[in-house]
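Just so it is clear, the values below take in all heavy atoms, side chains as well, and ignore hydrogens, waters and symmetry mates.
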Amino acid sequence: MFRARADYSALGWNRGGASMVDVARPTSSEPVPLVNGSLRACHTDDGETGEQQQYVKSKTVHHAPKGPRRHGGRGAVAASVRAFNPQRLAGANSDGGPYPQGVVSGDPRSDGFNIWTRVRPSGFSDVFPIDWHVSTDPDFSNVVQSGTVQASEAYDHTAKVAVTDLNPYTRYWYRFTAKGQTSPVGRARTAPAPGAPVEKLKIGVCSCANYTSGYYNAYRAMANEDLDYFVHLGDYIYEYNDYGDGVRSDPVAYPKVIEQYRDKYKLYRSDPDLQALHASAPMVAVWDDHEVEDNYNIGEIGFQTAHAYRAWFDYQPTFGPAHDPSRIYRAINWGNLADIFMTDDRQYRDPELPGGNSATGSATLSHADGRTLLGGAQRQWLMSSLGGSAATWKLIGNPVMMMPWRLLDFDSYWTRRPGRWEQMNAGFYLNGDQWDGYQWERRAVLSHIEQNNIKNVVVVTGDLHMFLAGTLRPDFDRPGSQPVAVELVTGSITSPGFDQYLSDPVSLVNDVMGGIFPGMQFADVFRHGYGVLQITRDQIIAELKSVPIDTPNTPTPTVIARFRIPNGQSILDRIGP
């Protein structure tokens, strides 16, 4: 039977509009609700509530006197390229130093970006100050922003700052200092001013990085790409600690409470290759399922989800809005060239179909009117944002695949009749956890793109542990219908794909995968890696790159497919290799 929609009101959730305030009623020994992107202190025995502020906006703290603002210009950019070498960060914290998880930046804006670190508490009091500095050069001879944030045990000694008052489209360096001990140096570029003419943008795309399954060579390769920013589409951590054969050990098994989720982030973020990537460029991240639990339904594990979400905000360089603190869907703007709309495919969805697919009895349910993956508020935000974007390119950061994964076709376009169980695009779909389980909403979004003649929509996706590419249509069984968007699915950083089941790659599997599903044009289901998009006014050149995972320190990537997406056309032109 189809599971009834959960009553989120009992958990304090407001479906379709986000929701973490008062998710649960903690005891003095339990972690407490996410409020404003930080943790609120537990209720004390006398009923009063204490509260500490961890994360700050840069304008609320003191700034160091500024020297001449030598921002921008060819010389500054050239110097930044020469001076930064992500290899310098390898092993930077392996000696037990005070910054065991390195430094991270994220969510670039035209006036700034967010920065993050964690200080190892050994030798420090429960609450202590951390100074931060932002400079126009890697030697910090021209510090243009600085301030102090308090770190405490309540927040696992993490510090996160929304730096503001910086110049647009400018590269900066940042670092932290606590008790005279300085962190590794990170770099980040601010976004161009809204609507400003921009000639190029280079972004990386990645997902699915199980720690035990392989080495993070792909992260190191991405660090060497000189990206403007990179998009992480989820499964940054895994609740599993025994996924696949395993080449590394993870002592944290199946977390349920915030301390265990934090331990996951500490372990994953201790990897020097991941630290190098974070130091090289800002990250724009959303979660998928393994940040909580595989294919979780929030109505069934609401309290556990609250713990996982709060740990995510503690360790990721993202702030939820004050009125909606668990909201992660948002836009990153890059002048007049590109907008990317990051979506949350987990928090607002209706429960997954029974059995995980949409065959037989579940088929009607997968097509049910109003069945939602995004939730009403997020869906309206996405469609309005796509229609209102003045940028040349509109990207959607999408954790689970939108392309149909239909194995058997039950739909005959010419014999469709109202009231019959055979629904539009009916068939046997392999994975109801992705958009195939929410077909009404997929048609609604794609029809909106078609009906409003929105051009240059590109969907970038993670989740499936394989490289896939194809085109999207609102009704893929309608003869003569034209694509309205392109989708690129990146392979996993390490998490097993078909390589877990077949010791030797079988090219026939790739050929079948890339040929039998509607709209799909390319598949590589064996290799691991990431994607790179080089975006200009005329085109996007998309490269899917493979990196080995079984041997450490082997970050040289191999391009397995190169596509050109021309301005004004939703087509994939395979140009190599």
Practice prompt. Dump the intermediate steps for salt bridge (charged side-chain N to carboxylate O under 4.0 Å, His left out) on D226 and R171, then the final yes or no.
Written response: CA-CA 12 Å; D226 195 25; R171 180 162 279 172; 3.4 Å; yes
Practice prompt. For ring-ring contact (aromatic ring centres under 6.0 Å, His included), just list the numbers for W287 and Y309, CA-CA rounded to whole Å, side-chain angles, deciding distance to a tenth of an Å, and then say yes or no.
Written response: CA-CA 9 Å; W287 53 51; Y309 284 9; 3.9 Å; yes
Worksheet item: Under the salt bridge (charged side-chain N to carboxylate O under 4.0 Å, His left out) criterion, do R330 and D107 qualify, and how do the steps go?
Response: CA-CA 10 Å; R330 62 201 186 279; D107 287 10; 3.0 Å; yes
Item to complete: Determine, step by step, whether N398 and T461 satisfy the side-chain hydrogen bond (donor to acceptor under 3.5 Å, both in side chains) criterion, reporting the C-alpha distance in whole Å, the side-chain angles of both residues, the deciding distance to 0.1 Å, and the verdict.
Response: CA-CA 5 Å; N398 169 60; T461 300; 2.9 Å; yes
Item to complete: In sequence, state the C-alpha distance, the side-chain angles, and the governing distance for N333 and R109, and then conclude on side-chain hydrogen bond (donor to acceptor under 3.5 Å, both in side chains).
Response: CA-CA 7 Å; N333 312 113; R109 303 172 297 276; over 6 Å; no
Item to complete: Begin with the C-alpha distance, continue with both residues' side-chain angles, and end with the deciding distance and a verdict on side-chain contact (heavy atoms from CB on, under 4.5 Å) for L386 and I396.
Response: CA-CA 9 Å; L386 289 169; I396 301 175; 4.1 Å; yes
Practice prompt. Assess whether salt bridge (charged side-chain N to carboxylate O under 4.0 Å, His left out) is satisfied between E225 and K545, documenting all intermediate values.
Written response: CA-CA 11 Å; E225 293 276 3; K545 298 189 175 186; 2.8 Å; yes
Discussion item. Under the criterion side-chain contact (heavy atoms from CB on, under 4.5 Å), I'd like the reasoning laid out for Q539 against N567: C-alpha separation, chi angles, the key distance, then a yes or no.
Written reply: CA-CA 5 Å; Q539 63 186 11; N567 185 344; over 6 Å; no
Discussion item. One pair to check against side-chain contact (heavy atoms from CB on, under 4.5 Å): R327 and D344. What are the steps and the verdict?
Written reply: CA-CA 8 Å; R327 171 176 163 173; D344 179 352; over 6 Å; no
Discussion item. For F467 and F522: C-alpha separation, side-chain torsions, deciding distance, then whether side-chain contact (heavy atoms from CB on, under 4.5 Å) applies.
Written reply: CA-CA 8 Å; F467 293 99; F522 171 83; 4.1 Å; yes
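Here the closest non-hydrogen pair linking V103 and S183 is CG1-OG, 3.6 Å. In terms of heavy atoms, G462 sits closest to L233 at N-CD1, 3.6 Å. For the pair I540 and L533, the tightest heavy-atom approach, listed with the atom from each and the gap, is CG2-CG, 4.0 Å. The two residues I565 and W393 come nearest to each other via the heavy atoms O-CH2, 3.3 Å.
In the model, T392 has a side-chain atom that pairs as donor or acceptor with a side-chain atom of R537 under 3.5 Å. For the residue pair S326 and Q347, a side-chain donor N or O sits within less than 3.5 Å of a side-chain acceptor on the partner. Looking at Y238 and S495, their side chains do bring a donor and an acceptor atom within 3.5 Å of each other. Side-chain contact check for T177 and D131: no donor-acceptor pair (N or O, by modelled atom type) lies under 3.5 Å. Between the side chains of T343 and D345, at least one donor N or O sits under 3.5 Å from an acceptor N or O. No side-chain donor from either of N142 and S135 sits under 3.5 Å from a side-chain acceptor of the other. Side-chain contact annotation: N210 with S213, donor-acceptor N/O pair under 3.5 Å present.
For Y236 and W312, the gap between ring centers reaches or exceeds 6.0 Å. Residues F128 and H157 bring their aromatic ring centres within 6.0 Å.
Here the straight-line distance linking atom OG of S105 with atom NZ of K160 works out to 13.0 Å at 0.5 Å rounding. Rounding to the nearest 0.5 Å gives a distance of 6.0 Å between CD of E293 and CD of E239. Atom OG1 of T212 is separated from atom CG of L267 by 9.5 Å, given to the nearest 0.5 angstrom.
Judged by the 6.0 Å and 45° rule, R248 forms a cation-pi pair with Y216. Taking the ring centre of W116 as origin, the terminal cationic atom of R269 falls inside the region bounded by 6.0 Å and 45° from the ring axis. No cation-pi contact links R262 to Y315, judged by a cut-off of 6.0 Å to the six-membered ring centre and 45° from its axis.
Between K264 and D250 there is a salt bridge, since at least one side-chain N of the basic residue sits less than 4.0 Å from a carboxylate O of the acidic one. Note on D573 versus R562: no salt bridge recorded, every NZ/NE/NH1/NH2 to OD/OE distance being 4.0 Å or above. For R189 and D228, the salt-bridge test passes: some basic side-chain N is under 4.0 Å from an acidic carboxylate O.
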